Every structure is written in structure tokens, then in C-alpha cells.
Amino acid sequence: MWQYQKFLEFPINIKTPNPKLANFIISQYGGPNGELGAAMRYLSQRFSMPNEVTRSTLNDIGTEELAHLEMVGTLVRQLAKNATTGQIENSPLAQYFMDHGRGVYPADASGNPWNAATIAVSSDPITDLVEDLAADGTTV
């Protein structure tokens, strides 16, 4: 089905720790309009699409969102990995750090874990596609 290549298409090499930025970016990982939600939204909605073309399209988009999840997770990890405890304590990442350390956990910037209540799957293709457009149009 898919061939996983063990490197990012666009390498991420962050040298300077920035836990404040990591906290901001974590919402793109597991926040309500983050990559995990997008992947689950597309991969779930694909089942109620009316034909193979739309099912296939949503499947392809959903798997691409999983690749975005890998890139965002890499960003968060590299921004927090070499941060000192003091840098983390003096940043918004401090609360997150208490539960997850320097790991990457699907949560928003406030620490709320991702859950499926942030996505919609209605079984109506038009409703689902409009929801997809609205979610992908949300900017941070």
C-alpha cells in the first residue's frame, strides 16, 4: 500500500531550543484543528463518500495528514529536546512538561488531550466536505 522512507522529505534540523514555540506548535499536532484531527476526519469520512474517486481522494488526503503529523511532532521534539529545565519552567510548556516531559503527546497548547469530539462525521458527503474545508481553513 504505502512505502515508508525513514527520512523526512524536508529535513527538520532545529539547533536552538525554544519551549515557548514548542507549546505553540503542539496544537498543530493534537489540537482541535491539528494534523491528528485532520487525518482522523478524512480517514473516517471516506467511508460515506458516494464513489471510489471521492473515497480514494479522502484516503489520500488523510494519509498525507499523517505525514504532516510526523513533521509537526519532529518540530516539537527538536524545540524541546535540548531545552534546560529552567527554560521549560519559564515557558508555557511547563504544564505540558509535568505530564509528558520532552515527549510528543497529542494535546492542544492548553494541555487538553486530543479527542474525537473535535471532528465531525455525518454520513452526508456535502456536510462532511464543508466541515473539512472549515477545519483546514482554520489558521493559528
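None of these values were measured; they are calculated from a predicted model. The first residue in the sequence is number 1, and the count goes up from there.
Environment of CD in E70: crowded, with over 12 heavy atoms of neighbouring residues, nucleotides or ligands closer than 6.0 Å.
Rounded to the nearest 0.5 Å, atoms CZ (R41) and CD (E65) are 8.5 Å apart. L66 contributes atom CG, which lies 12.5 Å from atom CD1 of I61 (distance to the nearest 0.5 angstrom). T74 contributes atom OG1, which lies 11.5 Å from atom CD1 of I25 (distance to the nearest 0.5 angstrom). Interatomic distance, H68 NE2 to L36 CG, rounded to the nearest 0.5 Å: 13.5 Å. Separating the OG1 atom in T57 from the OH atom in Y42 is a distance of 11.0 Å, to the nearest 0.5 Å. Rounding to the nearest 0.5 Å places CD of Q28 at 10.0 Å from CD1 of I26.
If you chain together hydrophobic residues whose side chains sit under 4.5 Å apart, L58 and M40 never meet in one group. Neither V130 nor M49 shares a network with the other; the hydrophobic side chains, linked directly or stepwise wherever heavy atoms of I, L, V, M, F, W or Y lie under 4.5 Å apart, form separate groups for each. No continuous path of hydrophobic side-chain contacts links F47 to L129 [ILVMFWY only; heavy atoms under 4.5 Å]. The hydrophobic clustering, which links ILVMFWY residues whose side-chain heavy atoms are closer than 4.5 Å, places F24 and M98 apart. Note on F97: it does not cluster hydrophobically with L75, by side-chain heavy-atom contacts below 4.5 Å among ILVMFWY residues.
Although no hydrogens or angles enter the test, the distance criterion places a donor-acceptor pair under 3.5 Å between the side chain of S122 and the main chain of D124.
Y29 has its side chain out of reach of E35: every pair of non-hydrogen atoms, C-beta onward, lies at least 4.5 Å apart. With a 4.5 Å cut-off on side-chain heavy atoms, N82 and Q87 do not count as touching. The side-chain heavy atoms of N59 and L43, taken from C-beta on, include a pair separated by under 4.5 Å. Considering only heavy atoms from C-beta on, I88 comes within 4.5 Å of R102 through its side chain.
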Which is it for N51 and T54 under the side-chain hydrogen bond (donor to acceptor under 3.5 Å, both in side chains) test, yes or no, and what are the steps along the way? CA-CA 6 Å; N51 58 54; T54 53; 3.1 Å; yes

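Here the closest non-hydrogen pair linking L93 and A22 is CD2-CB, 4.2 Å. Scanning both residues, R55 and P50, for their nearest heavy atoms gives NH1-C, 3.8 Å. The shortest heavy-atom contact between G37 and I119 is O-CG2, 3.5 Å. Considering every non-hydrogen atom in both T16 and L79, the closest pair reads O-CD2, 4.2 Å. Heavy-atom minimum distance, K20 versus S91: N-CB, 4.0 Å. Between S123 and D128, the shortest heavy-atom contact is N-OD2, 3.6 Å.
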